[in-house]
Novice: 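One structure follows; several queries about it will come next.
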Amino acid sequence: MLAVALMVVDHVGLYFPGTSILLRCVGRLSYPLFLFCMVWGYHYTRNRKVYLLRLYLLSLAMTALSWTVDTYWPTQGGYGNHNIFLSMFLVGVCISTVELFQADRKKGWMALGGIFAVQVVYFVVPLGRYMNGDLHTGIVPNLALNEYGFEFVALGVAMYFLKEKMDLFVPVYVLFCIYQFSGEWLWGDGGFPIQWLMIFALPVMLKFNGEKGPGWKYFFYVFYPAHTLVLFYLGNFVF
């Protein structure tokens, strides 16, 4: 729920003109918290195939929503690349591939080959002629082109394998935040780096007691697209 609240604050800063950059700064804590919840959920889920299928179908739904909004209600800033479902789908696929490789090298190589084949298909299937890359990857998942990029997919995988080894989890997470600071300063748009502020999500993760909270997963699945659509409308057509 904290991640949800921070996400809303972040998207208010994204869509509403004239808002303070502080809203986007606060929002940097949201996605790492969602990733943390996702890896624990993936650890405990009874059926990973259903879990991944659900995320992929939701990714298709977000792709359709994004295309519809930008096609029929075009704005200067656009609806934006909102597809956390795709990023989490890729995290889950990579986690399962690593575990499969550890258990059975032959099947692991086959899974790796399948991931590579999908990356090839991304460039072969001509969807890119009709839609931008962010929409294209919602249909044919691309490891490099997704919300937050491959580095955050790798972070999610690292979180999963280190989630019960906090003596390793903490330095890896902090080093990742330091990298975000340096990378954004070097290759960003010239503004002050803000993604590294996700470091302040770490104390919240460290407070996790290992117990399952309320089963509100379907609320999150609905709330995510709904709140972006409402804020997009309010920010562009009301305020």
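What you are looking at is a predicted structure, and each value in this text was computed from that prediction instead of being measured.
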Novice: Please give me the minimum heavy-atom distance between Tyr173 and Pro32, naming the atom from each residue.
Specialist: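 Reported closest heavy-atom pair: OH-CB, 3.3 Å.
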Novice: How many angstroms lie between atom CG of Asn236 and atom CZ of Phe16, to the nearest 0.5 angstrom?
Specialist: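 If I round to the nearest 0.5 Å, the distance is 9.0 Å.
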Novice: Is a side-chain N or O of Tyr15 found less than 3.5 angstrom from the main chain of Tyr79, in a donor-acceptor match?
Specialist: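 Yes; at least one donor-acceptor contact below 3.5 Å.
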Novice: To check you understand the geometry: which heavy-atom pair defines the closest contact between Gly156 and Val39, and what is its length?
Specialist: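 Nearest heavy atoms, Gly156 then Val39: O-CG1, 3.3 Å.
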Novice: Tell me, do Arg54 and Phe89 make a side-chain contact under 4.5 Å, heavy atoms counted?
Specialist: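 Arg54 does not reach Phe89 side chain to side chain.
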Novice: In terms of the angle between their ring planes, are Tyr221 and Phe85 parallel, tilted or perpendicular, with boundaries placed at 30° and 60°?
Specialist: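 Geometry flag for Phe85 against Tyr221: perpendicular rings.
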Novice: Determine the minimum heavy-atom distance between Pro141 and Leu86, stating which atoms define it.
Specialist: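 Between these two residues, the closest heavy atoms are CB-CD1, 3.8 Å.
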Novice: Does Phe123 belong to the same Ile/Leu/Val/Met/Phe/Trp/Tyr cluster as Phe150, with side-chain heavy atoms less than 4.5 Å apart forming each link?
Specialist: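 Yes, same cluster.
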Novice: Please check: side-chain N/O of Ser59 versus main-chain N/O of Leu55, any donor-acceptor pairing under 3.5 Å?
Specialist: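 Side chain of Ser59 to backbone of Leu55, a donor-acceptor pair under 3.5 Å: no, none is there.
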Novice: Provide the closest heavy-atom pair for Leu206 versus Met166 in the form atom of the first, atom of the second, distance.
Specialist: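 Minimum heavy-atom separation between Leu206 and Met166: CD2-SD, 3.6 Å.
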Novice: Using the benzene-type ring in the case of Trp, are the ring centres of Phe208 and Trp40 under 6.0 Å apart?
Specialist: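 Ring centroids of Phe208 and Trp40 are less than 6.0 Å from each other.
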Novice: For Leu100, which fellow cluster members are found when Ile, Leu, Val, Met, Phe, Trp and Tyr are connected by side-chain heavy-atom distances below 4.5 angstrom, either directly or through intermediates?
Specialist: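 Direct or chained contacts put Leu100 with none.
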Novice: Can you tell me how far CG of Asp134 sits from CG of Asn83, rounded to the nearest 0.5 angstrom?
Specialist: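 These two atoms lie 9.0 Å from each other.
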Novice: Is there a side-chain contact between Gln180 and Leu155, using heavy atoms and a 4.5 Å cut-off?
Specialist: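 The answer is no; the side chains never approach within 4.5 Å.
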Novice: With side chains defined as the heavy atoms from C-beta onward, is the minimum distance between Tyr233 and Leu229 less than 4.5 Å?
Specialist: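 Side chain of Tyr233 against side chain of Leu229, heavy atoms only: no contact under 4.5 Å found.
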Novice: In this structure, are over 12 heavy atoms from other groups packed under 6.0 Å from Phe223 atom CZ?
Specialist: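 Above 12, so yes.
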Novice: If I take atom CD1 from residue Ile178 and atom CD1 from residue Ile199, how far apart are they, to the nearest 0.5 angstrom?
Specialist: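 The CD1 atom of Ile178 sits 6.5 Å away from the CD1 atom of Ile199.
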Novice: For Val4 and Phe34, what are the C-alpha separation, side-chain angles and deciding distance, and is it a side-chain contact (heavy atoms from CB on, under 4.5 Å)?
Specialist: CA-CA 8 Å; Val4 167; Phe34 277 124; 3.9 Å; yes
Novice: Using the rule that Ile, Leu, Val, Met, Phe, Trp and Tyr join whenever any side-chain heavy atoms are under 4.5 Å apart, tell me whether Phe220 and Val50 fall into a single cluster.
Specialist: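 They do not share one cluster, since no chain of ILVMFWY contacts under 4.5 Å joins Phe220 to Val50.
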Novice: Does the side chain of Phe237 reach to within under 4.5 Å of the side chain of Thr75, using non-hydrogen atoms?
Specialist: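 Result yes, sub-4.5 Å side-chain heavy-atom pair found.
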Novice: What pairs of residues pass the ring pair (Phe, Tyr, Trp, His ring centres under 6.0 Å) test when at least one of them lies in residues 175-198, not counting sequence neighbours?
Specialist: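 Residue pairs passing ring pair (Phe, Tyr, Trp, His ring centres under 6.0 Å), neighbours aside: Phe152-Phe176, Phe181-Trp185, Phe181-Trp196, Trp185-Phe192.
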Novice: Evaluate the side-chain proximity of Lys163 to Tyr160: yes if any heavy-atom separation is below 4.5 Å, no if none is.
Specialist: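 Yes - at least one pair of side-chain heavy atoms lies under 4.5 Å apart.
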Novice: Please list all pairs meeting salt bridge (Lys or Arg N to Asp or Glu O under 4.0 Å) that have one or both residues in residues 91-107, counting only residues at least two apart or in different chains.
Specialist: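 Those involving residues 91-107 are Arg48-Glu99.
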Novice: Applying side-chain contact (heavy atoms from CB on, under 4.5 Å) to Leu60 and Leu57, what does each step give before you reach the verdict?
Specialist: CA-CA 5 Å; Leu60 292 180; Leu57 292 177; 4.2 Å; yes
Novice: Which atom pair, heavy atoms only, marks the closest approach of Phe169 to Leu162?
Specialist: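 Heavy atoms only, the tightest pair is CB-O, 3.6 Å.
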Novice: Can you hop from Leu65 to Tyr218 via hydrophobic side chains spaced under 4.5 Å?
Specialist: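 Yes, Leu65 and Tyr218 fall within the same hydrophobic cluster.
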Novice: For the side chain of Lys207 and the backbone of Val204, is there at least one donor-acceptor N/O pair under 3.5 Å apart?
Specialist: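 No.
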Novice: If the plane angle is over 60° it's perpendicular, under 30° parallel, otherwise tilted; pick one for Phe219 and Trp216.
Specialist: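 Ring orientation of Phe219 relative to Trp216: perpendicular.
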Novice: Mind checking the OH-OG1 spacing from Tyr122 to Thr137? Nearest 0.5 Å is all I need.
Specialist: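 Tyr122 OH to Thr137 OG1: 5.5 Å, rounded to 0.5 Å.
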Novice: Applying side-chain contact (heavy atoms from CB on, under 4.5 Å) between Arg24 and each of Asp10, Leu197, Val12, report the one that passes.
Specialist: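 Only match with Arg24 under side-chain contact (heavy atoms from CB on, under 4.5 Å): Asp10.
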Novice: Just checking Met110: does its CE atom have more than 12 heavy atoms from other residues, nucleotides or ligands closer to it than 6.0 angstrom?
Specialist: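 No, not enclosed.
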Novice: Let me confirm one number: the CE-CG distance from Met198 to Leu6, rounded to the nearest 0.5 Å.
Specialist: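 These two atoms lie 13.0 Å from each other.
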Novice: Any side-chain to backbone donor/acceptor pair from Glu147 onto Ser87? Under 3.5 Å, distance only.
Specialist: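 Not at all, since once roles are kept as given, no pair shorter than 3.5 Å links the two residues.
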Novice: With a 4.5 Å limit on heavy-atom distance, are the side chains of Pro225 and Met62 in contact?
Specialist: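 The answer is yes, as the side chains (C-beta and beyond) meet within the 4.5 Å cut-off.
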Novice: Among the clusters formed by ILVMFWY side chains lying less than 4.5 Å apart, do Val125 and Val120 turn up in the same one?
Specialist: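 No, Val125 and Val120 fall in different hydrophobic clusters.
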Novice: Are any side-chain N or O atoms of Tyr51 and backbone N or O atoms of Thr45, one a donor and one an acceptor, separated by less than 3.5 Å?
Specialist: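 No, because the side chain of Tyr51 does not come within donor-acceptor range (under 3.5 Å) of the backbone of Thr45.
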Novice: Applying side-chain contact (heavy atoms from CB on, under 4.5 Å) to Met38 and Met159, what does each step give before you reach the verdict?
Specialist: CA-CA 10 Å; Met38 181 267 170; Met159 280 181 164; over 6 Å; no
Novice: Specify the closest pair of heavy atoms between Gly80 and Ser66, including all atoms of both residues, with the distance to one decimal.
Specialist: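 The pair with the smallest heavy-atom distance is O-OG, 4.2 Å.
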Novice: Should Leu23 and Val238 be regarded as members of a common hydrophobic cluster, given that ILVMFWY residues are connected when their side-chain heavy atoms come within less than 4.5 Å of each other, either directly or indirectly?
Specialist: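 In one cluster: yes.
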Novice: Could you tell me whether a side-chain N or O of His11 sits under 3.5 Å from a main-chain N or O of Val8, the two making a donor and an acceptor?
Specialist: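 No; zero donor-acceptor contacts below 3.5 Å.
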Novice: Could you check Asp167 against Lys165 for side-chain contact (heavy atoms from CB on, under 4.5 Å), going step by step and ending with a plain yes or no?
Specialist: CA-CA 5 Å; Asp167 57 328; Lys165 304 174 182 177; 3.8 Å; yes
Novice: Could you check whether Tyr42 and Ser96, counting side-chain N and O atoms only, form a donor-acceptor pair closer than 3.5 Å?
Specialist: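 Looking only at side-chain atoms, Tyr42 and Ser96 do form a donor-acceptor pair, the distance falling under 3.5 Å.
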Novice: Which distance, rounded to the nearest 0.5 Å, do you find between the SG of Cys177 and the CD of Gln195?
Specialist: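 These two atoms lie 8.5 Å from each other.
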